[in-house]
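All remarks here apply to the structure that follows.
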Amino acid sequence: MLPLVLCLMPVGLTAHPHVFVDTGLDVIFDDQNRLTHVRVTWAYDDFYSLLILEDLGLDSDADNILAPWEQKRLQGFDMNWVEGFNGDLDATLGGQQLQLSRPMEPTAELRDGRIITTHLREVTGQPQVGGETLSIKPYDETFYVSYDLTLPVRLTGEHTCLTERIDPDIDQKLSEMRAFLLSLDVNADLEENDIPLIGEQFATEIRITCPNS
């Protein structure tokens, strides 16, 4: 996962993201139209990339070129997920939660000052998608990390499915959160008032529908 400190941040204490990740998805089907894997691409923002490079002692000459040993050290740095972490990826089929494996086949590279990583996740049961809506949303529920679907979203092995992108109304969601916070007493205990997890409200959703086979 992102370094452990991010996953241990107190829930609800941040009102805006601190790490920005351009995200891409490759949704993979087999020849029987079964959903088998999702490959995720994360491109970290420049500042966070710099912090990681400094923390790992990489690219000390700042030439954006990694030696083989540096490349090896970088690979998988964000894959040490704690138990129960969902990889900041929510996937449902017909409204039912899909179970995804832990990350496999990690890659990492440094490109123009940004760290870009990929990982593969297997879909438990390899369900048939025909006739149901597949929903995929990358998000951090605490909104400490912002996942922006600016990179390609591809379907591999399936050519008859339709893809729809549902972007959140950011201004509306911010207005609702602001109104909620203003309704609280200035001395209110935020945890006692059950500050909501807002990450999902700011998530872009990818909906995939496939015809019955």
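The distance from the OG atom of S60 to the CG atom of L53 is 10.5 Å, given to the nearest 0.5 Å. Residue T117 holds its OG1 atom at 4.0 Å from CG of D78, rounded to the nearest 0.5 Å. Rounding to the nearest 0.5 angstrom, the gap separating the CD atom in E122 from the CD atom in E105 is 10.5 Å. Note that CD of Q32 and CD of Q126 are 9.5 Å apart. Values are rounded to the nearest 0.5 Å. Note that CE of M104 is 8.5 Å distant from CZ of R39, once rounded to the nearest 0.5 Å. Put simply, OG on S101 and CG on L120 are 7.0 Å apart, with the number rounded to the nearest 0.5 Å.
In this structure, the side chain of D46 does not engage the main chain of R114 through any donor-acceptor pair within 3.5 Å. At least one donor-acceptor pair closer than 3.5 Å links the side chain of T124 to the backbone N or O of Q99. Between the side chain of R165 and the backbone N or O of V153, no donor-acceptor pair lies under 3.5 Å.
Cluster membership check: F47 does not share its hydrophobic cluster with L74, using side-chain heavy-atom separations under 4.5 Å among Ile, Leu, Val, Met, Phe, Trp and Tyr. There is no path of hydrophobic side-chain contacts, each under 4.5 Å, that joins L162 to V27. Linking Ile, Leu, Val, Met, Phe, Trp and Tyr residues whenever their side-chain heavy atoms come within less than 4.5 Å places V129 and V38 in a single cluster. F85 and V123 fall within a single hydrophobic cluster, where Ile, Leu, Val, Met, Phe, Trp and Tyr side chains are chained together by heavy-atom contacts under 4.5 Å. Taken together through direct or relayed side-chain contacts under 4.5 Å among Ile, Leu, Val, Met, Phe, Trp and Tyr, I136 and L151 form parts of separate hydrophobic clusters.
No side-chain heavy atom of R102 sits under 4.5 Å from any side-chain heavy atom of R121. Put simply, the side chain of R73 reaches to within 4.5 Å of the side chain of L58, judged on heavy atoms. Side-chain contact between I28 and L35: absent, with no pair of heavy atoms (C-beta onward) separated by less than 4.5 Å. Considering only heavy atoms from C-beta on, T156 stays 4.5 Å or farther from F29 through its side chain. Within the 4.5 Å cutoff, side-chain heavy atoms of L25 are placed close to those of L89. Using a 4.5 Å heavy-atom cutoff, the side chains of F77 and I115 are in contact. Side chains of D112 and N64 form no contact here, defined as non-hydrogen atoms less than 4.5 Å apart. Side-chain contact check for T204 versus P168: some heavy-atom pair is nearer than 4.5 Å.
R111 CZ: 12 or fewer foreign heavy atoms inside a 6.0 Å radius. Other residues, nucleotides and ligands place more than 12 heavy atoms under 6.0 Å from the CG atom of D167.
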Residues T142, D140; criterion side chain to side chain donor-acceptor pair (under 3.5 Å); working and verdict: CA-CA 5 Å; T142 69; D140 166 23; 2.9 Å; yes
Show your reasoning for whether side-chain contact (heavy atoms from CB on, under 4.5 Å) applies to I208 and T133. CA-CA 6 Å; I208 301 169; T133 297; over 6 Å; no
Check the pair L155, T163 against side-chain contact (heavy atoms from CB on, under 4.5 Å), reporting the backbone distance first and the verdict last. CA-CA 9 Å; L155 306 186; T163 301; 3.6 Å; yes
Is there a side-chain contact (heavy atoms from CB on, under 4.5 Å) between L98 and T92? Walk through the geometry before answering. CA-CA 5 Å; L98 292 176; T92 63; 5.6 Å; no
Steps toward side-chain contact (heavy atoms from CB on, under 4.5 Å) verdict (L110, D59): CA-CA 9 Å; L110 179 62; D59 194 34; 3.8 Å; yes
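Side-chain N/O atoms of Q97 and D90 include a donor and acceptor closer than 3.5 Å. No side-chain N or O of D30 forms a donor-acceptor pair with one of T36 less than 3.5 Å apart. Side-chain contact, E158 with T160: a donor N or O sits under 3.5 Å from an acceptor N or O. Inspection of the D22 and Y147 side chains reveals no N or O donor paired with an N or O acceptor under 3.5 Å. Defined by atom type and a distance below 3.5 Å, a donor-acceptor pair is missing between the side-chain atoms of T118 and T41.
Under the 30°/60° scheme for interplanar angles, the aromatic rings of Y44 and W42 are found to stand perpendicular.
The heavy-atom pair separating A203 from P138 by the smallest distance is CB-O, 4.1 Å. Closest of all the heavy-atom pairs between G76 and P106 is CA-CB, 4.2 Å. Residue Q71 comes nearest to L66 through the heavy atom pair OE1-CD1, 3.8 Å, listed as atom of the first residue, atom of the second, then distance. Here the shortest heavy-atom pairing between N33 and Q128 reads O-OE1, 3.4 Å.
In summary, the aromatic rings of F202 and F143 are positioned with their centroids under 6.0 Å apart.
Between E205 and R207 a salt bridge is recorded (basic side-chain N to carboxylate O distance below 4.0 Å).
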